[in-house]
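Scroll down for the structure; my scribbles are underneath it.
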Amino acid sequence: MALKHKTPMLDELEKGPWPSFVTDIKRVAERKPMAEDLLGLLEMSYEHKEGHWKHGGIVGVFGYGGGVIGRYCDRPDLFPNVAHFHTMRVNQPASKFYTTEVLRKLCDIWEEKGSGLTNMHGSTGDIILLGTTTDQLEPIFYELTHDLGMDLGGSGSNMRTPSCCVGKARCEWSCIDTQDITYDITMRYQDELHRPMFPYKFKFKTSGCPNDCVAAIARADCSIIGTWRDKIRIDQEAVRAYVGGELVPNGGAHGTEKRALDIQKEVIDLCPTKCMEWDGKNLKIWDEDCTRCMHCINVMPRALRPGLDTGATILVGAKAPILEGAQLGSVVIPFIKMEPPYEEFHEFVEKMWDWWMEEGKNRERLGETIQRLGMKAFLEATELQPDPRMVNTPRYNPYIFYDPAEVPGGWSHDPKAYRERHHA
Amino acid sequence: MALKHKTPMLDELEKGPWPSFVTDIKRVAERKPMAEDLLGLLEMSYEHKEGHWKHGGIVGVFGYGGGVIGRYCDRPDLFPNVAHFHTMRVNQPASKFYTTEVLRKLCDIWEEKGSGLTNMHGSTGDIILLGTTTDQLEPIFYELTHDLGMDLGGSGSNMRTPSCCVGKARCEWSCIDTQDITYDITMRYQDELHRPMFPYKFKFKTSGCPNDCVAAIARADCSIIGTWRDKIRIDQEAVRAYVGGELVPNGGAHGTEKRALDIQKEVIDLCPTKCMEWDGKNLKIWDEDCTRCMHCINVMPRALRPGLDTGATILVGAKAPILEGAQLGSVVIPFIKMEPPYEEFHEFVEKMWDWWMEEGKNRERLGETIQRLGMKAFLEATELQPDPRMVNTPRYNPYIFYDPAEVPGGWSHDPKAYRERHHA
Amino acid sequence: MPFDPNDIMKDRITDIGPPKYDKFFPPVIKENYGKWKYHEILEPGVLVHVSETGAEVYTVRVGAARLLSVDLIREICDIADKHCGGYVRWTTRNNIEFMVDDKSKLQPLIDELKSRGNWFPIGGTGASVTNIVHTQGWIHCHTPAIDASGIVKAVMDELFDYFGSHKLPAQVRISLACCLNMCGAVHCSDIAILGVHRKPPFIEHERVQNVCEIPLVIAACPTAAIKPKKVGDYKSIEINEKRCMFCGNCYTMCPALPIADGDGDGIALWVGGKVSNSRTAPKFSKLAVHYIPNEPPRWPTTVQTIKKILEVYASDARRYERVGEWIDRIGWERFFEKTGLEFRHEHIDDYRLAMTTWRTTTQFKF
Amino acid sequence: MPFDPNDIMKDRITDIGPPKYDKFFPPVIKENYGKWKYHEILEPGVLVHVSETGAEVYTVRVGAARLLSVDLIREICDIADKHCGGYVRWTTRNNIEFMVDDKSKLQPLIDELKSRGNWFPIGGTGASVTNIVHTQGWIHCHTPAIDASGIVKAVMDELFDYFGSHKLPAQVRISLACCLNMCGAVHCSDIAILGVHRKPPFIEHERVQNVCEIPLVIAACPTAAIKPKKVGDYKSIEINEKRCMFCGNCYTMCPALPIADGDGDGIALWVGGKVSNSRTAPKFSKLAVHYIPNEPPRWPTTVQTIKKILEVYASDARRYERVGEWIDRIGWERFFEKTGLEFRHEHIDDYRLAMTTWRTTTQFKF
Ligand code: SRM
Ligand code: SRM
Ligand code: SRM
Ligand code: SRM
Ligand code: SF4
Ligand code: SF4
Ligand code: SF4
Ligand code: SF4
Ligand code: SF4
Ligand code: SF4
Ligand code: SF4
Ligand code: SF4
């Protein structure tokens with residue numbers, strides 16, 4: 001069936017070896033006018049080199065302040081079927097395992113009530129249902145909750161859908177239950193997720209180890225990253241097997257052929273703290289100097305494993321550039337045992353939010369509030385003790401805000417006595 | 001002879017192995033009331049834990065806007081002989097060699113007309129004559145210029161007394177004539193030195209090599225640091241002599257006993273760019289990767305020497321913390337041949353000053369003006385081309401001020417055409 | 001009971017959150033949760049994880065356009081039903097993972113995937129270019145300077161060879177964001193593709209007071225370029241264009257300030273970021289190319305520039321060295337020299353922390 | 001012609017600058033200018049430089065209080081006349097250098113220096129603690145929070161052993177500045193002693209308008225804590241004390257804002273800075289101890305704390321490792337642990353570039 005709009009430019013994107021989203025949309029377009037008009041609108045964007053969507057209005061499901069991104073096209077005259085084209089963010093199950101049963105049901109709902117197009121997944125982690133009309137929002141929500149046991153994710157100034165790496169489900173290095181932590185946060189803070197009451201968005205991301213496969217440190221207001229505080233477990237036999245060429249280095253990530261590992265060059269020399277030694281027979285790690293960067297473990301997964309006294313490092317404040325510039329997460333809790341019922345963590349989160357809600361300005365991310373008011377204010381509000389692990393270096397400017405409580409007489413002088421000592 | 005004031009606290013500073021400034025002042029105090037009252041005033045400062053000097057008024061010699069720091073004591077009732085206690089900054093000869101003849105003359109002048117106390121030298125480099133009265137300023141100046149061929153140094157918002165390391169006078173590593181450059185700047189810019197016309201102070205410092213023995217990179221608005229752009233000269237014989245223990249490593253800086261140099265550990269591994277290799281016989285340096293840090297040369301001064309195609313790197317903007325925080329110098333000219341008559345350098349300096357005088361706010365150091373207006377403005381004003389050597393990293397924020405000249409249509413839109421394409 | 005449009009509160013369920021994760025775990029995952037001992041990549045895109053119990057799980061990772069139709073998802077389900085007991089997962093970078101619990105099931109799965117045209121390219125593991133994290137672009141958002149899906153497709157086509165192989169010195173993570181909001185979190189990527197505007201917004205004075213909250217617009221500007229201004233009878237704003245760095249944040253707050261411009265907009269490329277704490281600390285990506293015009297439908301200049309950077313890196317870096325680690329070793333002067341990219345004023349930072357990026361040492365290479 | 005106080009313009013000479021440097025070069029220096037080939041430290045404080053011509057110059061470096069009386073300078077001249085042909089120099093760190101052009105002249109010079117009590121301690125070369133660069137303190141300046149010469153004397157007395165020996169892992173450069181203006185350029189020192197105020201200035205409202213330029217005072221405050229304010233009939237200012245970080249810059253502009261306070265003022269210690277480009281780039285010094293009270297006349301807590309830091313460094317660092325390089329290797333967590341110093345809120349930066357100092361990686365040591 002020929003489609004309504006000519007799409008010569010988009011057609012170019014049907015070529016080449018990578019799966020083509022154009023070809024994929026086209027097959028839906030044959031039966032769904034929404035997808036058909038989307039193609040037309042997109043072709044026009046390619047011609048103009050400008051997008052054709054207007055700002056979204058406030059649309060959503062009753063009682064929720066987020067989860068739906070309203071979107072209207074600026075040429076409904078030409079593309080009436082995408083005049084409304086709202087997306088719904090559906091909260092993904094932690095680490096994104098699915099049964100085909102639930103996926104098929106989701107497809108059925110979306111075939112019927114939406115564009116038939118999705119993003120699997122959005123950058124935050126949600127299942128993105130791309131494009132529907134306002135009147136379909138409630139029915140879809142009803143079916144999601146009733147038939148699939150699924151709920152919407154976050155948008156607006158609320159807690160955003162937390163996400164995590166695959167963790168213990170299929171990774172040998174996970175030091176924490178990333179899924180369970182994500183589920184716990186999501187469930188405990190449903191209200192915060194659905195009803196915007198923060199100064200701005202707030203994101204949690206959880207990785208099982210410092211490899212950080214969910215990029216938590218770069219894009220979560222609160223990053224939970226698994227770590228350990230005892231010793232790396234060593235199987236010396238296996239170390240020798242790597243050196244002897246019996247095991248493939250780095251689990252095959254650099255080629256699956258067997259080859260002798262040059263342990264000095266590939267491991268010892270790349271250890272950031274130089275805390276390892278290889279005497280030709282045994283590998284020695286000075287664990288007290290190890291900063292748990294994972295490199296040696298990554299290279300010799302069958303010989304080295306994280307320790308057993310596991311927990312997490314908590315960092316806060318990561319974000320994209322708007323307004324004050326991008327930030328990476330900063331360590332505020334070097335180590336916390338992350339075990340159910342996660343009470344200590346909840347207390348921390350709630351103190352953090354109370355402070356941010358009290359002090360944060362409109363559209364100010366947590367990291368920016370901390371920048372503006374200082375780390376001290378944050379640590380005091382969350383009752384954390386300052387620790388050198390929180391900084392790369394102590395301050396190098398002398399602009400110290402001394403605490404008047406520690407100064408004899410506080411901030412006050414005795415001007416009269418001063419002028420008796422010092423004549424003007 | 002007993003001194004007028006009791007100084008029990010200062011007396012404590014006559015003990016101990018380091019030369020005592022108290023003992024030194026005391027011997028002058030026996031014949032000079034100014035030094036005697038200085039001791040009394042200082043003892044009172046020790047009691048109060050507060051200094052006893054007031055702000056200086058504008059005092060100086062006729063026609064000069066700097067060179068004298070006015071100072072008045074805040075208890076002239078108790079210490080009348082230091083009621084006035086101005087210092088004079090005398091421009092030191094570059095790298096601070098003296099004949100005893102000139103020093104003795106200086107002492108005679110200062111014995112007669114001042115406190116008899118000096119600082120050899122002030123942090124900027126001047127000879128500091130510590131403490132005299134207003135009426136002595138002109139006579140001292142007269143004698144300095146007539147009898148010693150000496151002149152005052154800088155203070156206030158002018159060019160400050162330039163200074164430099166010992167350089168070619170007694171160092172084998174100097175890549176430039178530090179004294180001559182310092183002398184040239186000082187003489188060429190006498191007007192700028194004596195007559196404040198800048199937004200704030202401006203300092204030049206010149207080191208012969210990247211060891212930077214005059215700390216130019218930390219405290220000069222314009223730092224001139226010698227370097228080379230060809231190859232490190234190697235005497236392989238001497239390298240072997242170090243390894244063989246025939247020569248003392250690091251010129252004896254770590255102990256003067258002969259010992260075999262562990263060239264791998266002490267040199268190769270510490271080379272920041274890892275551009276050296278030692279095969280047991282010969283040392284190979286990949287000079288194209290060398291960043292001329294000096295370490296290997298420092299450790300093996302008899303084997304390695306800087307190259308022969310020498311010149312300087314120019315950095316700008318170093319300063320102490322007030323107002324915007326301390327800055328180190330930033331590279332703006334990676335390499336310049338610094339040979340008499342230094343025309344290229346003069347042109348650079350004059351363009352830099354013109355720009356700073358035009359744009360700089362009152363009490364804004366050059367580095368702060370650059371911070372405020374951007375490096376681009378500085379480079380354009382000084383007609384320098386951007387170079388990756390000017391940065392540790394290119395920008396990581398996306399806040400790029402694109403040049404409208406490069407944008408089709410500049411900064412203007414065609415709102416009508418836009419709204420034809422995009423309906424509101 | 002079906003949905004009743006006249007009584008949306010009837011039987012309403014809210015705040016149930018997502019299904020509990022383990023509901024969807026395949027049995028081998030559930031049984032070996034937390035017991036995995038080691039893994040190995042058998043060939044690009046194919047992993048085995050071995051449990052302390054002796055159990056094994058084989059994973060086949062396939063690339064996907066992140067934009068998936070229900071048809072394609074159903075096709076994925078067909079495959080998962082046939083080979084994987086009805087389970088499938090997505091990775092954090094939008095690849096699809098099919099898992100089987102026995103080696104004998106692996107080859108049939110791979111054959112099946114390969115039989116379906118180019119929908120299911122196998123790869124994305126180890127020292128490869130895996131899928132490009134990206135954003136909406138012209139498919140859905142209102143602020144983009146560029147498309148997302150089309151550029152990703154064009155780049156992945158060109159780098160396809162690196163997706164299904166392990167020939168690079170290390171992982172290369174490419175991301176794309178269509179505006180400075182950086183939803184693709186491109187700020188810490190080995191190679192980042194960023195949509196940029198280059199003209200200050202124009203102001204529709206007659207609309208501003210009706211459609212915008214002026215104080216919010218003013219507060220939205222990172223460089224304080226916006227001031228309130230009366231224009232004729234309208235309460236409006238003015239923009240100090242010299243202070244504008246084209247972030248579009250004011251447009252997000254106010255539709256009467258359009259910023260997009262077909263000829264002005266385009267792409268900036270950034271390099272050397274990373275997220276992992278492996279060896280070196282996480283790093284931001286730094287500006288490599290200040291501007292490349294939008295060239296739909298296949299953005300050839302962008303694609304070729306990325307390829308050039310990637311290939312110089314591939315030939316010059318040492319094993320394990322991420323792009324940023326490689327550049328740190330060779331120095332930015334060499335990066336620009338080797339890639340032939342031009343170093344310009346735009347590369348020298350002039351925002352808040354600018355002075356921390358300037359070279360404050362005489363150490364550099366000629 | 002002598003000076004005529006009634007006609008200061010008579011025969012006036014101005015703008016002649018300093019004497020040309022080479023006027024004061026000893027012959028061996030002049031003849032071998034630019035020809036030096038190598039040097040060696042023969043013993044602490046004693047250097048030989050060898051020229052390509054075969055000539056040699058022997059240097060004996062001696063420590064000095066920077067504050068020198070004319071008597072002491074004359075004594076120096078006596079020595080220089082007797083042994084060094086009437087030449088002498090000062091180093092960039094205020095040590096005195098006596099030079100002789102023949103080995104035979106060396107021992108007599110050394111003997112002479114040693115014969116003069118403790119006025120001329122020999123040392124300051126190589127891996128030593130050389131002279132402390134410092135400032136005026138209570139001897140001359142109006143803004144100091146501490147004395148300079150007295151503290152330097154007390155510290156050098158205690159570290160005297162390290163001045164005349166090469167037992168440290170590397171050079172240790174100690175500097176002192178008596179206020180935040182940092183005339184001692186302490187901001188890049190291995191160990192920096194900094195005078196700090198801890199009370200905001202008090203305001204003498206009745207004096208402000210007479211002795212100060214209010215706009216300049218306001219502009220002088222780095223944290224914009226100062227505003228104009230009318231107090232009674234006086235034009236004056238007010239200070240938001242919460243924003244004050246006690247820099248004293250306003251006092252420099254306005255004597256009616258005294259900031260010194262005997263009980264509030266004291267010392268902060270900073271560590272790990274360096275200036276040379278050797279091995280690692282120049283670095284700023286970082287806060288080690290936020291406050292130690294002023295304890296004249298010998299500042300025992302300051303002295304002992306510095307000694308402690310120095311000795312922990314001496315026992316833990318590797319050869320060539322400057323203090324900052326050592327800390328970079330072991331990490332700040334270990335620095336605080338090993339020195340037993342307390343890590344406090346004050347150590348965490350909260351000024352303009354604060355975020356660039358926070359730890360944005362999971363890499364740290366327990
Ligand atoms: C859909 C999604 C992009 C995608 O295609 O995946 C998205 C889309 C939008 N983002 Fe985002 N962001 C999305 C993940 C992100 C991320 C990545 C993440 O969460 O890990 C970031 C960077 C991390 C961060 O939060 O800082 C991100 C940083 C932003 C920002 C800048 C925030 C900042 O503080 O710098 C904005 C601007 C704003 O909030 O006004 C923004 C704003 C937007 C808006 C709502 C546009 C706007 O200004 O109103 C976009 C709506 C697009 C649309 O029409 O659907 N989006 N946004 C992602 C959410 C899908 C999901 O729920 O899974
Ligand atoms: C005498 C000297 C200290 C010393 O004992 O050696 C000195 C003394 C003063 N300095 Fe300084 N500075 C001296 C070298 C420095 C240096 C070091 C250098 O030049 O290498 C610096 C740091 C480098 C720099 O310039 O940034 C320095 C940074 C300051 C500052 C802060 C400037 C800044 O931009 O952060 C001030 C404050 C000001 O200018 O108001 C200052 C101001 C002052 C004043 C004039 C006090 C004032 O605020 O008016 C001091 C007068 C003291 C007096 O009564 O004699 N002094 N001052 C040094 C000059 C001697 C000479 O000419 O040789
Ligand atoms: C499946 C996935 C987690 C998930 O929950 O979905 C995953 C899975 C694994 N990662 Fe990862 N990583 C995944 C995203 C990431 C990310 C996040 C990202 O790219 O956005 C990172 C941080 C990237 C960065 O630094 O910019 C990441 C950094 C690593 C590293 C550290 C690499 C390095 O040296 O910097 C390792 C260790 C290694 O590969 O040696 C690693 C190792 C692994 C291992 C070997 C862990 C294990 O033992 O199972 C897994 C297979 C690796 C492989 O594919 O070669 N994983 N990994 C993600 C796959 C994404 C994809 O489809 O391509
Ligand atoms: C005499 C003097 C120059 C002058 O014009 O007066 C000088 C002279 C020499 N310096 Fe220096 N330096 C002098 C101040 C400096 C400074 C400036 C400072 O401390 O304020 C520095 C920068 C310090 C810093 O980084 O904080 C300095 C950093 C060096 C270095 C690099 C050390 C390092 O590894 O970081 C060397 C190389 C070495 O020692 O191996 C060096 C080497 C040398 C040599 C060996 C050069 C030579 O071949 O003659 C000279 C004798 C060294 C010695 O004393 O052990 N000189 N040297 C200065 C003596 C100061 C003093 O009285 O103690
Ligand atoms: S972050 Fe660590 S635990 Fe999680 S998947 Fe990656 S390597 Fe495994
Ligand atoms: S985890 Fe990293 S820091 Fe620790 S021993 Fe291994 S390579 Fe070294
Ligand atoms: S800076 Fe270089 S040239 Fe100058 S004295 Fe020091 S080592 Fe010699
Ligand atoms: S000067 Fe420095 S960078 Fe160059 S070879 Fe020597 S140690 Fe390496
Ligand atoms: S990056 Fe910008 S344009 Fe792209 S989806 Fe996010 S907000 Fe929209
Ligand atoms: S585009 Fe950004 S910088 Fe420009 S005016 Fe708008 S908010 Fe300000
Ligand atoms: S540091 Fe401060 S108190 Fe000391 S001399 Fe300099 S300006 Fe004066
Ligand atoms: S002391 Fe400094 S911070 Fe405090 S008010 Fe004065 S200028 Fe401002």
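Here is how names work: the chains are called A, B, and so on, in the same order as the sequence lines, proteins then strands, and each is numbered from 1. Bear in mind that the values here come from a model prediction, so they are computed numbers and not experimental data. Atoms considered below: every heavy atom in the structure, side chains included; atoms not considered: hydrogens, waters and symmetry mates.
Here Phe25(D) and Tyr87(D) keep their ring centres 6.0 angstrom or further from each other.
No hydrogens or angles considered: a donor-acceptor pair under 3.5 Å links the side chains of Tyr21(D) and Asp180(B). With hydrogens and angles left out, the side-chain atoms of Thr280(D) and Lys274(D) include a donor and acceptor closer than 3.5 Å. Under 3.5 Å, the side chains of Arg292(B) and Thr227(B) contain a donor-acceptor pair of N or O atoms. Judged purely by distance below 3.5 Å, without hydrogens or angles, the side chains of Asn250(B) and Glu266(B) never pair a donor atom with an acceptor atom. Donor-acceptor pairing under 3.5 Å is recorded for the side chains of Glu14(B) and Thr23(B). In this structure, a donor-acceptor pair under 3.5 Å is present between the side chains of Gln179(B) and Ser95(B). Counting only N and O atoms by type, the side chains of Asp126(B) and Thr161(B) include a donor and acceptor under 3.5 Å apart.
When heavy atoms are compared at a cutoff of 4.5 Å, Leu68(D) approaches chain B by way of both its backbone and its side chain. Proximity to chain B involves both the backbone and the side chain of Cys141(D), based on heavy atoms less than 4.5 angstrom apart. Contact of Arg195(B) with chain D is made through the side chain alone, with heavy-atom distances under 4.5 Å. No part of Asp11(B) comes within reach of chain D, as not one of its non-hydrogen atoms sits under 4.5 angstrom from that chain. The parts of Arg170(B) that come within reach of chain D are both its backbone and its side chain, each placing non-hydrogen atoms under 4.5 angstrom from that chain. With a threshold of 4.5 angstrom between heavy atoms, Tyr33(D) approaches chain B through its backbone and through its side chain. Proximity to chain D is limited to the backbone of Lys319(B), based on heavy atoms less than 4.5 angstrom apart. Contacts of Cys209(B) with chain D are absent, with no heavy-atom separation under 4.5 Å from either backbone or side chain. Interface remark: Ile297(B) contributes no atoms to any contact with chain D (heavy atom separation under 4.5 Å). Within the 4.5 angstrom heavy-atom criterion, no atom of Pro293(D) approaches chain B. Contacts of Thr91(D) with chain B are made by backbone atoms alone, with heavy-atom separations under 4.5 Å and no side-chain atom involved. For Leu130(B), the part sitting under 4.5 Å from any heavy atom of chain D is the side chain, from C-beta outward, and nothing else. For Tyr183(B), the part lying near chain D is the side chain, with the backbone staying farther off; criterion is any non-hydrogen pair under 4.5 Å. Contact of Leu38(B) with chain D is made through the side chain alone, with heavy-atom distances under 4.5 Å. Within the 4.5 angstrom heavy-atom criterion, atoms from both the backbone and the side chain of Val88(D) approach chain B. For Ala219(D), the part lying near chain B is the backbone, with the side chain staying farther off; criterion is any non-hydrogen pair under 4.5 Å. Proximity to chain B is limited to the backbone of Cys254(D), based on heavy atoms less than 4.5 angstrom apart. In this structure, no portion of Thr125(D) lies under 4.5 Å from any heavy atom of chain B. At a 4.5 Å heavy-atom cutoff, the contact between Arg352(D) and chain B is made by side-chain atoms alone. Interface residue Met150(B): backbone and side-chain heavy atoms are both found under 4.5 Å from chain D. Of the two parts of Asp108(B), the backbone and the side chain both hold a non-hydrogen atom closer than 4.5 Å to a non-hydrogen atom of chain D. When heavy atoms are compared at a cutoff of 4.5 Å, His254(B) approaches chain D by way of both its backbone and its side chain. If you measure heavy-atom distances from Glu43(B) to chain D, you find no contacts under 4.5 Å at all. For Glu158(D), no part lies near chain B; criterion is any non-hydrogen pair under 4.5 Å. Only the side chain of His187(D) comes within contact range of chain B, judged by heavy atoms closer than 4.5 Å. With a 4.5 angstrom heavy-atom cutoff, Asp147(D) touches chain B only via side-chain atoms. Neither the backbone nor the side chain of Ser207(B) comes within contact range of chain D, judged by heavy atoms closer than 4.5 Å. Contacts of Phe163(D) with chain B are made by side-chain atoms alone, with heavy-atom separations under 4.5 Å and no backbone atom involved.
Put simply, the side chain of Arg305(B) never gets that close to the backbone of Pro301(B): no donor and acceptor are under 3.5 Å apart. In this structure a side-chain-to-backbone donor-acceptor pair under 3.5 Å is missing from Asp74(B) to Lys54(B). Here the side chain of Lys32(B) pairs a donor or acceptor atom with the backbone of Glu111(B) at under 3.5 angstrom. In this structure a side-chain-to-backbone donor-acceptor pair under 3.5 Å is missing from Thr291(B) to Pro272(B). Side chain of Arg319(D) to main chain of Pro169(D): no donor-acceptor pair is present (N/O by atom type, distance under 3.5 Å, no hydrogens or angles). The closest donor-acceptor contact from the side chain of Asn94(D) to the backbone of His121(B) lies under 3.5 Å.
Counting heavy-atom pairs closer than 4.5 Å to chain B, the top-ranked of the candidates Ala260(D), Ala185(D), Cys183(D), Gly150(D) is Gly150(D). When each of Ala94(B), Gly116(B), Gly56(B) is checked for heavy-atom pairs under 4.5 Å with chain D, Gly116(B) comes out on top. Chain D forms the most heavy-atom pairs under 4.5 Å with one residue out of Val214(B), Thr256(B), Asn392(B), and that residue is Thr256(B). Interface remark: of the candidates Ser165(D), Pro2(D), Ser175(D), Pro2(D) forms the most heavy-atom pairs closer than 4.5 Å to chain B. Of the listed residues (Gly114(B), Ser45(B), Ala320(B)), the one with the most heavy-atom contacts under 4.5 Å to chain D is Ser45(B). For the set Leu41(B), Leu152(B), Val22(B), Thr87(B), the entry with the most heavy-atom pairs within less than 4.5 Å of chain D is Thr87(B). Between chain D and the residues Glu101(B), Lys15(B), Met294(B), the most heavy-atom pairs under 4.5 angstrom are made by Lys15(B). No other option in Arg71(B), Arg219(B), His52(B) has as many heavy-atom pairs under 4.5 Å with chain D as Arg71(B). In terms of non-hydrogen atom pairs under 4.5 Å with chain B, the most contact-rich of Ser69(D), Gly137(D), Ala127(D) is Ser69(D).
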Applying ring pair (Phe, Tyr, Trp, His ring centres under 6.0 Å), run through Tyr72(B) and His55(B) and close with a yes or a no.
-> CA-CA 7 Å; Tyr72(B) 303 91; His55(B) 286 63; over 10 Å; no
So Phe24(D) and Phe97(B), ring pair (Phe, Tyr, Trp, His ring centres under 6.0 Å) or not? Walk me through it.
-> CA-CA 6 Å; Phe24(D) 300 147; Phe97(B) 283 84; 9.3 Å; no
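Relative to the ring axis of Trp119(D), Arg27(B) places its NZ or CZ within 45° and under 6.0 Å from the centre.
How far CD1 of Ile25(B) is from CG of Asp71(D): 11.5 Å, rounded to the nearest 0.5 Å. Between the OG atom of Ser278(D) and the CG atom of Asn298(B) there is a distance of 4.5 Å, given to the nearest 0.5 Å. Leu103(B) contributes atom CG, which lies 7.0 Å from atom OH of Tyr98(B) (distance to the nearest 0.5 angstrom).
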